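Structure first, then comments.
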Amino acid sequence: MTLVVLVAAAIAYALGIRRAARHGVVWPRRRTVLFFALGLGSYAVVELGFLGAWSAQLRWAFTARIALLLLAVPALIALGKPVELARAGMGEAGRDRLDALVSGRTARLFGLFGHSVGVRLAG
């Protein structure tokens, strides 16, 4: 399942870069490297490394894995600005819908929890 998530996220980000380029936006290489190396890389290390392998047997490994997946990985993924990339690849109507979603009541509710994925990805 982890590999499916990694491949899907990588493909979606790459397609976002291509779509943004069609709209005349040059996406910074730095953001791409941060997304793939730190964002998806940290997810892969946590899920496929020691913590992922031993989290069923070791309570501390399970706790560390969950903490990293909830706090560190979303913050590192957010360095690649995936929501900003999505906005860059959308038309005016799509941008308006995305802005309404990100600034809506649900997003504000997630904001109460500090490190929620939605707020961190919104940048």
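None of the values given here were measured: they were computed from a predicted structure.
Sorted by first and then second residue, the salt bridge (Lys or Arg N to Asp or Glu O under 4.0 Å) pairs involving residues 52-74 (not counting sequence neighbours) are Glu47-Arg65. The salt bridge (Lys or Arg N to Asp or Glu O under 4.0 Å) contacts involving residues 5-21 comprise nothing, where partners must be two or more places apart or lie in separate chains.
Across all non-hydrogen atoms, the minimal contact from Leu6 to Ala44 is CD1-CB, 3.8 Å.
A continuous path of Ile, Leu, Val, Met, Phe, Trp and Tyr side chains, each step under 4.5 Å between heavy atoms, connects Trp54 with Trp60, placing both in one hydrophobic cluster. Under a hydrophobic clustering in which Ile, Leu, Val, Met, Phe, Trp and Tyr are joined whenever their side-chain heavy atoms come within less than 4.5 Å, directly or via other members, Ile77 and Ile11 fall into different clusters. Cluster annotation: Val5 and Leu48 are assigned to the same hydrophobic cluster (Ile/Leu/Val/Met/Phe/Trp/Tyr, side-chain heavy-atom contacts under 4.5 Å, transitive). Under the 4.5 Å side-chain heavy-atom criterion for Ile, Leu, Val, Met, Phe, Trp and Tyr, Phe35 and Leu15 are members of distinct hydrophobic clusters.
Annotation for Leu38: hydrophobic cluster partners, listed by chain and number, are Leu34, Leu76, Leu79 (ILVMFWY side-chain heavy atoms under 4.5 Å, direct or chained).
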What verdict does the side chain to side chain contact (heavy atoms under 4.5 Å, CB included) test give for Trp27 and Lys81, after you've listed the backbone C-alpha separation in whole Å, the side-chain angles of each residue and the deciding distance to 0.1 Å? CA-CA 10 Å; Trp27 193 249; Lys81 300 283 187 182; 4.1 Å; yes
Kindly indicate, with the supporting measurements, whether the criterion side chain to side chain contact (heavy atoms under 4.5 Å, CB included) is fulfilled by Leu69 and Tyr43. CA-CA 7 Å; Leu69 288 174; Tyr43 176 69; 3.7 Å; yes
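Counting non-hydrogen atoms of other residues, nucleotides and ligands closer than 6.0 Å to CZ of Arg30 gives a total of 12 or fewer.
Counting heavy atoms from C-beta on, the side chains of Val45 and Leu51 never come closer than 4.5 Å.
Among residues two or more places apart in sequence or in another chain, the ring pair (Phe, Tyr, Trp, His ring centres under 6.0 Å) test is passed with Phe36 by Tyr13. Partners of Ile66 by side chain to side chain contact (heavy atoms under 4.5 Å, CB included), not counting sequence neighbours, listed by chain and number: Phe62, Leu70. Looking at residues two or more places apart in sequence or on another chain, you find a side chain to side chain contact (heavy atoms under 4.5 Å, CB included) between Arg95 and Arg87, Met90, Glu92.
In this structure, CE in Met1 is found 11.0 Å from CG in Leu3, a value given to the nearest 0.5 Å. Ile17 CD1 to Leu85 CG: the interatomic distance, rounded to the nearest 0.5 Å, is 6.0 Å.
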